[in-house]
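Chain identifiers are assigned alphabetically (A, B, ...) following the order of the sequence lines, protein sequences preceding nucleic acid strands; residue numbering begins at 1 within each chain.
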Amino acid sequence: MGNSIQPLADNITLIATPELWLEGEAIQQLQTTATLPNIKLVAGMPDLHPGRGYPVGAAFFTTQYLYPALIGGDIGCGMSLWQTTVKIHAMNQAKLIKRLGNIDQPLSEAECISLWPDIRPLAEHMYASGTIGGGNHFAELQMLETIYAPETARQIGLNRQHLQLMVHSGSRGLGGVILDKHIRQYGHQGLVADGTAGSTYLMQHNQALDYAQQNRELIGRRILANLRAQGQKLVDISHNFIEPVTINGESGWLHRKGAAAATKGLVIIPGSRADFSYLVQPLDTVSALYSLAHGAGRKWQRSACKGRLAGYYTAEQLTRTVHGSRVICCDRELLYEEAPQAYKSIDSVIAAMVQADLIRPIARFKPVITYKVQTEKK
DNA sequence: ATGTCC
């Protein structure tokens, strides 16, 4: 095994199989980024795809220097998984959708505290609290489809009779404000981590990381409250952030951009809205820079989706999937941009990591209801 | 990605 770990250069590793489709531009971006000063090691995940200058689905190890632009605006973006007490057989889709209601408006401070009495202060960024955001962000009710590791599934409390809830969201406007300010002042260059600029960024980055995690918790609690259910958060893993690490005895900074942290317990990896999501246990991931794929990875650019799909599918048709799940999305553009056809098969991404001995699958889930946005655009 | 830009 381990045949899906491909060295692209002295300092670049790519986790991919021959069957896995990867865009040339993404590999190009990976190689270009690897030549930046003080970037020592680079690992491409099997969901690697092109980003704005830098690839998405990769981890970068630097010494001394931080590259805020590598992380991008959505600092702290991540995935959480909850086990809910919503009984599958006691609920139908229509009832669930009705109860879920509209969660597009930010929660007031009082609502936040009511949902989560132990919440830490969210400072001035209350405006987006409890909201999912746009783009590829979503909340999804799911049901267990296959359990691969019954003992682990039992230990963490996975329950076949009850729905699971997955939340994908980030730091909303906060991370973007931090990056914009930083880029205006210093551009895209790397900054010494313990210098003034570097340490200021790192402090703000840590706040955004914290805010993003709290916001996912709020979203989860908000949805559970609407469903009149309880729930337990099983997993919360960020895929856009920087953390200090020591690799081969050298201390430095691990930058993850669309790469899930593999050092913080189980990881939930979503497929497209018409595909499975996998709960996995990370194994030895040092070859992948302690990271894993964060999803299926885009196959088509956002801008190409409508042109490729509009002749075949109406927006209405895109609100139903092959799994019989429903997509709550009143934004027609987003329905096309996030169509399952725009993403790779999650099985191909998972297979690459299994073959590389990076993960052990624990269970997989199928979508029941995917919530994007309920409110019509003006 | 964006209490988003046209």
Q: Taking NE2 from A/H137 and P from B/dA1, how many angstroms apart are they, rounded to a whole number?
A: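 The distance from NE2 of A/H137 to P of B/dA1 comes to 5 Å, rounded to the nearest Å.
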
Q: Can you tell me how far P of B/dT2 sits from CZ of A/R302, to the nearest Å?
A: 10 Å

Q: Does A/N136 put a side-chain nitrogen or oxygen below 4.0 Å from OP1 or OP2 of B/dA1?
A: yes

Q: Can you sort out the partners of A/Q281 under side-chain contact (heavy atoms from CB on, under 4.5 Å), two or more places apart, ordered by chain and number?
A: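 Testing A/Q281 for side-chain contact (heavy atoms from CB on, under 4.5 Å), a comparison that skips the adjacent residues, returns A/L266, A/R360, A/I362.
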
Q: Nearest-Å distance, CD1 (A/I183) to P (B/dT2)?
A: 18 Å

Q: Reckon A/G72 touches a base, only the sugar-phosphate, or nothing at all at heavy-atom distances under 4.0 Å?
A: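 The residue A/G72 makes no contact with any strand.
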
Q: Do A/H255 and A/F241 have ring centroids that are under 6.0 Å from one another?
A: no

Q: Please work out whether the ring planes of A/Y201 and A/H205 are parallel, tilted or perpendicular, with thresholds of 30° and 60°.
A: tilted

Q: OH of A/Y211 versus C1' of B/dA1: gap in Å, rounded?
A: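 It works out to 13 Å between those atoms.
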
Q: Whole angstroms only, please: what is the NZ-P distance between A/K372 and B/dA1?
A: 8 Å

Q: A/G175 near the nucleic acid: base, sugar-phosphate alone, or nothing, with a heavy-atom cut-off under 4.0 Å?
A: nothing

Q: Between P on B/dA1 and CG on A/D331, what's the gap in Å once rounded to a whole number?
A: 13 Å

Q: To the nearest Å, give me how far apart CD1 (A/I75) and P (B/dA1) are.
A: 15 Å

Q: Distance-only criterion, 3.5 Å: show the donor-acceptor pairs between side-chain atoms of residues 8-21 of chain A and protein atoms not counting sequence neighbours.
A:
residue	atom	partner	partner atom	Å
A/T17	OG1	A/L20	N	3.3

Q: Between A/R172 and B/dG3, does any side-chain N or O lie under 4.0 Å from OP1 or OP2?
A: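 Answer yes for this pair, as a side-chain N or O of A/R172 is under 4.0 Å from OP1 or OP2.
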
Q: Measure CG/A/N215 against C1'/B/dT2 and give the value in whole Å, please.
A: 14 Å

